[in-house]
Amino acid sequence: KAGVTQTPRYLIKTRGQQVTLSCSPISGHRSVSWYQQTPGQGLQFLFEYFSETQRNKGNFPGRFSGRQFSNSRSEMNVSTLELGDSALYLCASSLAWTGLGSPLHFGNGTRLTVT
Amino acid sequence: AQSVSQHNHHVILSEAASLELGCNYSYGGTVNLFWYVQYPGQHLQLLLKYFSGDPLVKGIKGFEAEFIKSKFSFNLRKPSVQWSDTAEYFCAVLDFGNEKLTFGTGTRLTIIP
C-alpha cells in the first residue's frame, strides 16, 4: 500500500507570495491533518479534515487555509508569505479522525523556504 | 490548552546503554498517548500508543512506555539501545476534551557505536 505522498518536496518563495501544498493520503484513509515542523518548536497542529469537512484547527492565522476533496486528497494554502513561515510542512492521514485516537501516518513533508 | 514537555532535547548514549526519555503533559482528563519516531531521512512513524488498560505498553523494536496518571507522564524506555535507534523521538497527547493531538518538541537521540 502506498504511503502518504506530499508534493512538492521543496519550495522556495519570496515574501508576499502565496503557496499551495498537496497531500495524497493512504488509500482508504479519510482523515488528513497538517502540521508545521520547525526546530525547537516541534510539530504545531494546523488543521484536520475528515470527509471534506474541517474537524479541528490550531492557532494559526487565517493566512493558512486548507481543503479536502472527495477523494480525500488535501491541499494547504498559505497566502502573503512571511519569513517565519519557513518550515517543514507535514501531512498525516488516518483511517478515522484523530479525535477518536486513530494513529497518524506521515508523509515526508514539503520544505518551504521563504526569502 | 494541553502542552507536552520533553525536557531532554539531545541525548547521547553508547550502544547497550539503557534509555529513558521523559514526556509530561500539562493536565489530566481522558487522554491517549503516543510516541512517534523519525529516523534520519525517513518520515515520522508510530512507535507505540496507550489507549487504556495496562499502563505499560510495548512497541516496536523493543521499546516500551509507562503511563503514570498521577504524574501526567508517559516515559519511553529501552533496556539496551542500538546504533540504529539514532533518531528523533516525539511524544504526543490526544486530549479528548478538545480532541486535539499535541506533540512535544522532540528529543534527538544519538547512539555512539
Side-chain angles (χ1 to χ4, degrees), chain A residues 1-7 9-10 21 23-26 29 31-51 53-60 66 87-111, chain B residues 1-10 21-26 29-53 57 59-60 63 65 67 74 87-108:
Chain A
K1 195 182 258 190
V4 177
T5 304
Q6 291 188 246
T7 57
R9 289 295 307 276
Y10 302 93
L21 282 53
C23 173
S24 293
I26 290 172
H29 285 195
S31 171
V32 173
S33 299
W34 289 89
Y35 289 85
Q36 181 193 68
Q37 185 179 14
T38 54
Q41 293 289 317
L43 279 75
Q44 302 290 311
F45 172 67
L46 282 154
F47 27 67
E48 178 179 11
Y49 287 86
F50 181 78
S51 294
T53 302
Q54 187 179 85
R55 290 301 302 257
N56 219 333
K57 66 190 298 279
N59 300 319
F60 279 80
L88 181 67
Y89 290 87
L90 294 172
C91 168
S93 73
S94 55
L95 274 171
W97 69 289
T98 311
L100 296 177
S102 189
L104 298 176
H105 299 260
F106 285 86
N108 286 317
T110 294
R111 172 77 61 188
Chain B
Q2 182 73 260
S3 66
V4 181
S5 299
Q6 293 182 247
H7 301 294
N8 309 107
H9 298 294
H10 190 191
L21 300 182
C23 172
N24 289 88
Y25 57 99
S26 56
T30 304
V31 294
N32 282 174
L33 301 156
F34 305 82
W35 277 96
Y36 284 86
V37 60
Q38 188 169 31
Y39 297 103
Q42 297 186 28
H43 59 269
L44 269 162
Q45 56 188 283
L46 182 68
L47 195 57
L48 50 77
K49 61 184 186 289
Y50 171 80
F51 284 179
S52 63
V57 293
I60 60 172
F63 285 91
F67 171 47
F74 189 55
E88 189 153 18
Y89 293 80
F90 293 89
C91 178
V93 178
L94 172 63
D95 184 340
F96 280 94
N98 63 14
E99 298 174 336
K100 286 184 182 177
L101 184 65
T102 303
F103 281 82
T105 53
T107 295
R108 186 154 64 100

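Convention: sequence-line order gives letters A, B, ...; per-chain numbering from 1.
- By the 4.5 Å heavy-atom criterion applied to side chains, B/Q38 and A/Q37 are counted as neighbours.
- Residues forming a side-chain hydrogen bond (donor to acceptor under 3.5 Å, both in side chains) with B/Y36 (at least two apart in sequence, or on another chain): none.
- B/L94 approaches A/T98 most closely through the heavy-atom pair CD2-O, 3.2 Å.
- The two residues B/H43 and A/N108 come nearest to each other via the heavy atoms CB-OD1, 3.3 Å.
- In this structure, B/K100 and A/K57 approach most closely via the heavy-atom pair NZ-O, 2.8 Å.
- Considering CD of B/E99 and CD of A/E48, their distance stands at 9.5 Å, rounded to 0.5 Å.
- Of the atoms belonging to A/L104, heavy atoms from both backbone and side chain fall under 4.5 Å from chain B.
- A donor-acceptor pair is defined here as one N or O able to donate and one able to accept, closer than 3.5 Å; no such pair exists between the side chain of B/N98 and the backbone of A/N56.
- Heavy atoms closer than 4.5 Å to chain A are found nowhere in B/D95, neither backbone nor side chain.
- Heavy atoms only, all atoms of each residue included: B/L101 and A/F45 are closest at O-CB, 4.4 Å.
- Closest heavy-atom contact between B/F90 and A/L43: CE2-CD1, 3.6 Å.
- Residues satisfying the side-chain hydrogen bond (donor to acceptor under 3.5 Å, both in side chains) criterion with A/S51, sequence neighbours excluded, are A/R30.
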